[in-house]
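Values in this document were obtained by computation on a predicted structure and should not be read as measured data. In this chain, residues are counted from 1 in sequence order. When a ligand or atom number is given, it counts from 1 through the structure's own listing order.
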Amino acid sequence: MDDYQRLFENNRQWVRDRLQADPDFFKRNARQQTPEFLFIGCSDSRVPANEITGTLPGEMFVHRNIANQVFPNDINVLSVLQYAVEVLDVKHVIVCGHYECGGVKAAAQKQVHYGLVDNWLSEIRTIERLHGRELEAMTDPQARINRLGELNVIHQVYNLTLTPVVRQAWERGRRPVLHGLIYSLENGLLKELVPAVDTPSAADQLLPML
Ligand code: CO
């Protein structure tokens, strides 16, 4: 059986397992989704949102791109955010980066390698410049990349706080609560990088970290 055919075999086995655990699973999921979380993560194949959080289909709305970016002009992430906040009414929006992120590594390399991807990673280069003093003081290159990955998450959480969708929700006294996490490929654990952000003043508390 080739790798592609294996997907269908796995799929049928997964359906059998799910039905055994919960005979109404697909019937219920087909009617509606009521996720409490929006997960904005990296496209990296080693960071699957549902699997690392132990959540099932229906529990987490997901957006992934290279290096978990939240650009104020990216209609893709903004429409996912708007739908999650205004229609699905998610309680939590999570930006989840990961250590050893190839996107962060590529951004930290000065030479151009990948064409369009280099454009995509431009904000990480700005973040690296903003935190140049802290990063240059780190002698271990791996530690420097990992710290840049953490700073990237904090910046993307702050970018979320500036979106009209989040500001308008907060003005109406509504959720979401924003979170910044980083995932370790080495031990599989998630770590919180910032306190929960659910008001403009909590967003301002991020400023000294930017
Ligand atoms: Co990555």
Side-chain angles (χ1 to χ4, degrees), residues 3 7 35 37-55 57 59-81 84 90 92-132 134-136 138 140-163 176 178-194 196-197 206 209-210:
D3 289 345
L7 300 182
F37 309 95
L38 165 60
F39 180 101
I40 300 171
C42 183
S43 298
D44 194 302
S45 62
R46 299 164 294 180
V47 195
N50 284 112
E51 194 150 351
I52 66 172
T53 58
T55 48
E59 292 188 286
M60 192 168 261
F61 206 59
V62 174
H63 176 83
R64 291 167 70 184
N65 62 44
I66 294 175
N68 39 274
Q69 300 295 286
V70 181
F71 291 134
N73 56 359
D74 175 9
I75 194 170
N76 189 348
V77 71
L78 293 179
S79 51
V80 168
L81 177 69
V90 296
H92 304 275
V93 177
I94 296 162
V95 176
C96 182
H98 66 102
Y99 293 128
E100 321 281 330
C101 180
V104 172
K105 264 185 224 175
Q109 285 166 350
K110 295 297 174 262
Q111 65 272 54
V112 172
H113 288 303
Y114 308 106
L116 188 57
V117 178
D118 286 287
N119 292 59
W120 180 254
L121 299 173
S122 61
E123 193 179 349
I124 301 177
R125 295 207 182 86
T126 304
I127 295 167
E128 187 185 26
R129 207 164 56 240
L130 285 170
H131 298 268
E134 178 190 348
L135 293 167
E136 279 157 26
M138 302 177 84
D140 176 12
Q142 197 58 62
R144 202 182 308 143
I145 295 291
N146 285 344
R147 179 59 184 151
L148 181 56
E150 294 181 353
L151 293 166
N152 174 45
V153 169
I154 298 167
H155 277 261
Q156 303 315 319
V157 173
Y158 189 70
N159 286 353
L160 275 177
T161 72
L162 298 179
T163 59
L178 311 180
H179 307 271
L181 310 182
I182 196 146
Y183 173 79
S184 166
L185 296 177
E186 282 182 5
N187 63 22
L189 293 172
L190 289 167
K191 183 167 88 181
E192 281 195 292
L193 295 174
V194 290
V197 181
L206 297 177
M209 294 183 238
L210 304 180

Is any protein N, O or S atom closer than 2.8 Å to the Co ion (ligand 1), and if so, which? Cys42 SG, His98 NE2, Cys101 SG
Quick one about Glu150 and Asn146 (side-chain donor to acceptor, distance below 3.5 Å, no hydrogens or angles considered), yes or no? no
For Tyr99, which of Lys191, Glu186, Gln142 qualifies under side-chain hydrogen bond (donor to acceptor under 3.5 Å, both in side chains)? Lys191
For Ile75, is the CD1 atom crowded, meaning more than 12 foreign heavy atoms sit under 6.0 Å from it? no
Geometric class of the Phe37/His92 ring pair [parallel <30°, tilted 30-60°, perpendicular >60°]: parallel
Stepwise side-chain hydrogen bond (donor to acceptor under 3.5 Å, both in side chains) check, Asn152 with Glu123: CA-CA 9 Å; Asn152 174 45; Glu123 193 179 349; over 6 Å; no
Going by salt bridge (charged side-chain N to carboxylate O under 4.0 Å, His left out), name the pairs with one or both residues in residues 60-78, residues two or more places apart or in two chains. none
